[in-house]
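Heavy atoms only: backbone and side chains are in, while hydrogens, waters and symmetry mates are out. Within every chain, numbering begins at 1; the chains are lettered A, B, ... in the order of the sequence lines, protein sequences first and strands thereafter.
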Amino acid sequence: MIQIQGLNKSFNGKKVLDGVDLEVRTGETMVIIGTSGCGKSVLLRHIIGLMRPDRGSVSVDGTELNRIGKRDLYQLRKRFGMLFQGSALFDSLSVEDNVALGLRQHTALTREEIGEKVESKLGMVGMAGSGKLMPAELSGGMKKRVGLARALSMDPEYVLYDEPTTGLDPISADRINDLMAGLQEKLRITSVVVTHDMVSAGRVADRIAMLHQGRIIFCGTPQEIKKSPDERIQRFIRGEAD
Amino acid sequence: MLLRGSAGDDGAKLNRDQSSYVRAVGRAVITGFQQWGSAFILLGRIVLSLRHLPRQFEQVVLQMMAMGVHSLPVVVFSAVFTGMVAAVQAAYQMQGLVPSIWLGTGICRAILTELGPVLTALVVAGRVGSGIAAELGTMKVTEQIDALETMAVDPVEHLVMPRFVAGAVMSPVLTIFANFIALIGGWLVAVLSVGITTQVYLDGLRFHFHTRDLMGGIIKSIFFGVIIATSGCFHGFAAEGGAAGVGRAATKAVVAAAVMILIFDYIVSAWIFR
């Protein structure tokens, strides 16, 4: 379980997160929505310890990220996978090396075992047989899928998705949504998805939280958010400007 | 009234200018200290990560290839001309003053102690230092460094330490090559242009040859290799703001490395060649 309490973060005096409270239950998919630049990605980066809060805390299964050293933080991160908005594939490495990197660094698996595992993860995201390709040879959607295979390589308990469908055509976006929903069904991983794509949110979310002006203004099921009387939420769902 | 008002405005403007000047200087000093502090912290982290050297051996070999083997053509090319210029200059300086047997001696000492290590380092800084900064800078702005972090892979251990080790090992190797090639360049000019025989040139090289000169130059080159790698990594990691930021990081890496090479050239020379 991920618990976020009173999280505050400012950049150059500008408050981005202003007392965020959120709980992500084990096994659920929590989708965080909000307008571009509202701090969703900043929130996600706090969850995996890439950023330190000015105030407040993030705890994973009772371990407060702020209170642990680098070694323990790295141990904790081995239980996470993260899909970045731009995929963040290592462009000097082939697809299979990208997916294998974590396994080579953290496990005692043989070269053959790693190869099998990499191929199985690539198969899971529909990219079997593409291990020898370089990231520059992949389309945006393929990069996201490889990024997802890399995020899943260490069989994580938690997967964080940063804008998984942004920049993709509707068909590629739909394929990514299918993948996320399918993986969730198969592996029961705890997932946190940051997006402003309401179609994606509706497809994968167990619960949706809306971040607005640095605070969570709503947290509930996809059905509940549709019925919310809050005008700010309804405008966001309908895609209407203020 | 008008005049008094104008003088008052001028005084206030002067005060504002002075205080903004003081603020700018203060900000520059603080930024300078922050940069030095961050660089030393990075250096400390690199040293600590050296204990994981066996785990990163493959990366180290790859970096040695990139920094050493791939730099060889440009180093050889510049070394030939360095030796040739050294011979022309030595012949010109000695003209009518010193017997030509000393030509080889002068060239040899200049190349081994100074020209070989320093010019090789400056060439490598331009080629490798900027490359490291651009590569790591691109990784930084495209979140690849963050991706490593999320995979519990320490970027300093995985990216910086192998470059640091490769720099420390390959810089002296390149310097030895450069020394040898530069001496050949000097020989070409000595024989073809100055008109002394090969035997006289070689006698000059042997005469007054001190192992300390050679070793001093090599010790310098180890420092230079470390400076080039560390500067490239430091500025690459500090890159921000897309392509322009990466370009700025590459420029800063080369400039900082060149300045540090010259400073350390003096420090190490003063220490070794007393």
Student: Can you tell me how far the CD1 atom of B:Ile181 sits from the CG atom of B:Asn179, to the nearest 0.5 Å?
Tutor: 10.0 Å

Student: If a pair satisfies side chain to side chain donor-acceptor pair (under 3.5 Å) and one of its residues is in residues 229-241 of chain B, list it, with sequence neighbours excluded.
Tutor: none

Student: Which region of A:Arg79, side chain (C-beta onward) or backbone (N, CA, C, O), has a non-hydrogen atom less than 4.5 Å from a non-hydrogen atom of chain B, or is it both or neither?
Tutor: neither

Student: Name all residues meeting the side-chain contact (heavy atoms from CB on, under 4.5 Å) criterion together with A:Ser10; count only those two or more places apart in sequence or in a different chain, and write none if there are none.
Tutor: A:Lys15, A:Asp54

Student: How are the rings of B:Trp271 and B:Phe223 set relative to one another: parallel (under 30°), tilted (30 to 60°) or perpendicular (over 60°)?
Tutor: perpendicular

Student: With only heavy atoms counted, which part of A:Leu76 is less than 4.5 Å from chain B, the side chain, the backbone, both or neither?
Tutor: neither

Student: Are A:Val194 and A:Gln85 packed together at the side-chain level, in the sense that at least one heavy-atom pair is separated by less than 4.5 angstrom?
Tutor: no

Student: Using side-chain heavy atoms (C-beta onward) and a distance below 4.5 Å, is A:Leu138 in contact with A:Leu89?
Tutor: yes

Student: For residues 140-154 of chain B, give me every residue with a non-hydrogen atom less than 4.5 Å from any non-hydrogen atom of chain A.
Tutor: B:Thr142, B:Glu143, B:Gln144, B:Asp146, B:Ala147, B:Leu148, B:Glu149, B:Thr150, B:Met151, B:Ala152, B:Val153, B:Asp154

Student: Using a heavy-atom distance cut-off of less than 4.5 Å, which residues of residues 21-52 of chain B contact chain A?
Tutor: B:Arg45, B:Arg51

Student: Tell me, side chain or backbone of A:Arg150 under 4.5 Å from chain B's heavy atoms, or both, or neither?
Tutor: side chain

Student: Between A:Ser191 and A:Gln184, is any side-chain donor less than 3.5 angstrom from a side-chain acceptor?
Tutor: yes

Student: Atom CD in A:Glu137, atom NZ in A:Lys132: separation rounded to 0.5 Å?
Tutor: 12.5 Å

Student: Decide yes or no on salt bridge (charged side-chain N to carboxylate O under 4.0 Å, His left out) for A:Asp162 and A:Arg45, but give the supporting numbers first.
Tutor: CA-CA 9 Å; A:Asp162 190 2; A:Arg45 294 167 86 82; 5.3 Å; no

Student: Under a 4.5 Å cut-off applied to non-hydrogen side-chain atoms, are A:Phe11 and A:Lys9 in contact?
Tutor: yes

